[in-house]
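The chains referred to below are lettered A, B, ... by the order of the sequence lines, with proteins before strands, and numbering in each begins at 1.
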Protein chains: 2
Amino acid sequence: MECIVQGGIGAATIRRVAEIADVTPGLVRHYFPDKNTLLCAAHKATMSKMTTQAIQSLDNCRGGPLARLRLFIETSLQAPVVHPRNYQLWASFTSLINAIPEIGISHREAYIDFRNECESLVRDVFAEQQRDIDDKQIERYAIAVNALIDGLWLEGCLAMDLFDSGSLSELGVESVQSLLDLETL
Amino acid sequence: MECIVQGGIGAATIRRVAEIADVTPGLVRHYFPDKNTLLCAAHKATMSKMTTQAIQSLDNCRGGPLARLRLFIETSLQAPVVHPRNYQLWASFTSLINAIPEIGISHREAYIDFRNECESLVRDVFAEQQRDIDDKQIERYAIAVNALIDGLWLEGCLAMDLFDSGSLSELGVESVQSLLDLETL
DNA sequence: TTGCTTGTTATACAAATGAATAATAGTATC
DNA sequence: GATACTATTATTCATTTGTATAACAAGCAA
């Protein structure tokens with residue numbers, strides 16, 4: 001992953017990986033039969049580290065649906081989730097979803113996990129506020145919230161210098177608030 | 001670009017490019033002194049084709065600010081802008097922004113163009129509705145709109161099969177409507 | 001015709017790369 | 001303490017890849 005961060009996928013040769021890990025190329029092969037397997041493992045680790053982070057942050061949240069949604073957004077739009085390093089890894093791996101089918105599969109899985117979490121959070125918020133909204137519409141809201149978070153995450157990673165700490169997640173929270181027509185969030 | 005679409009950047013070797021273009025590798029070198037130059041040219045072409053498409057669609061729009069904003073969103077969230085091919089190219093190139101500085105520069109330029117367009121459209125809409133909103137807040141709205149479009153574009157490219165034609169852009173329009181607190185769009 | 005620029009190919013080369021094999025050291029098991 | 005398994009290295013090989021050079025064809029200017 002360090003290789004990819006430094007020079008893109010092209011720099012992620014087995015030799016360079018071994019060099020950074022301070023072992024010999026043979027050892028890499030000992031653990032990973034071929035390069036694709038290694039790339040898949042790195043991809044899985046990266047995605048799980050990012051997606052899971054926002055989802056797991058909710059475990060320690062003793063608050064109502066609104067507070068949970070807020071925390072989810074904030075975690076997703078602050079460091080360490082928002083970081084140029086993550087973007088570099090994410091972009092590199094997703095550029096392989098056609099070339100390496102297994103990466104395509106686990107990428108889709110991670111995406112669905114995140115979207116399901118969005119949907120669940122949105123549903124709980126509406127339930128608490130006793131707004132009766134049908135499933136189809138909740139799904140649409142979840143898609144929009146997901147897209148907004150993804151887009152802001154992207155902007156943040158690419159130009160973190162343009163946002164002072166916290167202002168990105170603040171923008172995210174306020175935007176979702178408008179998106180779902182909530183009085184407070 | 002066809003190489004990248006098929007097998008990621010790794011597949012974009014000069015020999016393969018030449019093969020698909022039905023020429024010899026030497027000819028590629030005749031026009032592009034080295035591989036980076038070739039990649040940069042392909043990147044520029046790709047970005048301009050995508051970003052410019054949404055912006056240029058406004059030229060033929062004889063409507064008010066609302067209609068223009070709507071058209072901008074719709075163009076950005078429909079084929080041919082929304083297409084797996086575009087995503088593959090975009091992801092591949094953006095994964096090189098650290099490795100190839102020139103790509104980083106033109107990527108940032110394309111991004112700024114798009115965001116400026118968003119900001120301009122949003123400003124015009126508010127001006128027409130005589131809502132007095134300071135520049136800082138307009139910029140924030142533009143960032144959110146930009147993020148939403150980017151995120152939906154991403155979802156659309158990755159899972160176009162999940163959305164029937166037009167439903168993605170419809171979701172985009174409605175979401176921006178909520179985001180900017182507009183009665184109609 | 002002559003000469004010059006452009007388009008195009010054929011061929012070559014050194015470096016890098018993924019993969020394989022064999023050998024060596026360490027460590028746990030019985 | 002002998003054995004088997006794991007961790008690790010050294011070395012090798014066939015391909016691929018970016019780049020370079022030389023040669024050839026074609027169109028065009030003088």
Check: Near DNA chain D, under 4.0 Å by heavy atom, which residues of residues 10-17 of chain B?
Finding: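 Output list: B/Thr13, B/Ile14, B/Arg15.
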Checklist line | Nucleic acid contacts of residues 26-39 of chain B, taken as heavy-atom distances under 4.0 Å to DNA chain D | finding: B/Arg29, B/Asp34, B/Lys35
Notebook entry, point to check: With a cutoff of under 4.5 Å between side-chain heavy atoms, which Ile, Leu, Val, Met, Phe, Trp and Tyr residues group with B/Ile112?
Noted result: B/Tyr111
Quick test of your reading of the model: are [X] and [Y] salt-bridged, counting only N-O distances below 4.0 Å?
X: A/Arg123; Y: A/Glu119; answer: yes
X: A/Glu139; Y: A/Arg115; answer: yes
X: A/Glu128; Y: A/Arg68; answer: no

Checklist line | Check against side chain to side chain donor-acceptor pair (under 3.5 Å), A/Arg85 and A/Gln88 | finding: CA-CA 5 Å; A/Arg85 178 190 169 86; A/Gln88 174 71 42; over 6 Å; no
Next item on the list: Would you mind reading off the bend of the helix from C/dT1-D/dA30 to C/dC30-D/dG1 from its two end axes, five pairs each, to 10 degrees?
Entry: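 Taking the rotation axis at each end, their angle is 10°.
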For residues 19-32 of chain B, which side-chain donor-acceptor pairs fall under 3.5 Å, sequence neighbours excluded?
{"unit_1": "B/Glu19", "atom_1": "OE1", "unit_2": "B/Arg16", "atom_2": "NH1", "d": "3.3"}
{"unit_1": "B/Arg29", "atom_1": "NH1", "unit_2": "B/Pro33", "atom_2": "O", "d": "3.2"}

Next item on the list: Dump the intermediate steps for side-chain contact (heavy atoms from CB on, under 4.5 Å) on B/Val125 and B/Leu121, then the final yes or no.
Entry: CA-CA 6 Å; B/Val125 165; B/Leu121 288 168; 5.7 Å; no
Nearest 0.5 Å please: distance from the [atom1] atom of [X] over to the [atom2] atom of [Y].
X: B/Tyr141; Y: B/Asn146; atom1: OH; atom2: CG; result: 16.0 Å
X: B/Glu155; Y: B/Leu77; atom1: CD; atom2: CG; result: 10.5 Å
X: B/Leu89; Y: B/Ile9; atom1: CG; atom2: CD1; result: 10.5 Å

Check: Nucleotide range of DNA chain D contacted by chain B, 5' to 3', under 4.0 Å to a heavy atom?
Finding: D/dT17 to D/dT21
Margin query: For a quick test of reading the model, state the closest non-hydrogen atom pair linking A/Leu152 to A/Gly172 and the distance between them.
Written below: CD1-CA, 3.5 Å
Notebook entry, point to check: Nearest heavy-atom pair of B/Ser76 and B/Ala54: which atoms, and what distance?
Noted result: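 Scanning both residues completely, I find the closest heavy atoms to be OG-CB, 3.3 Å.
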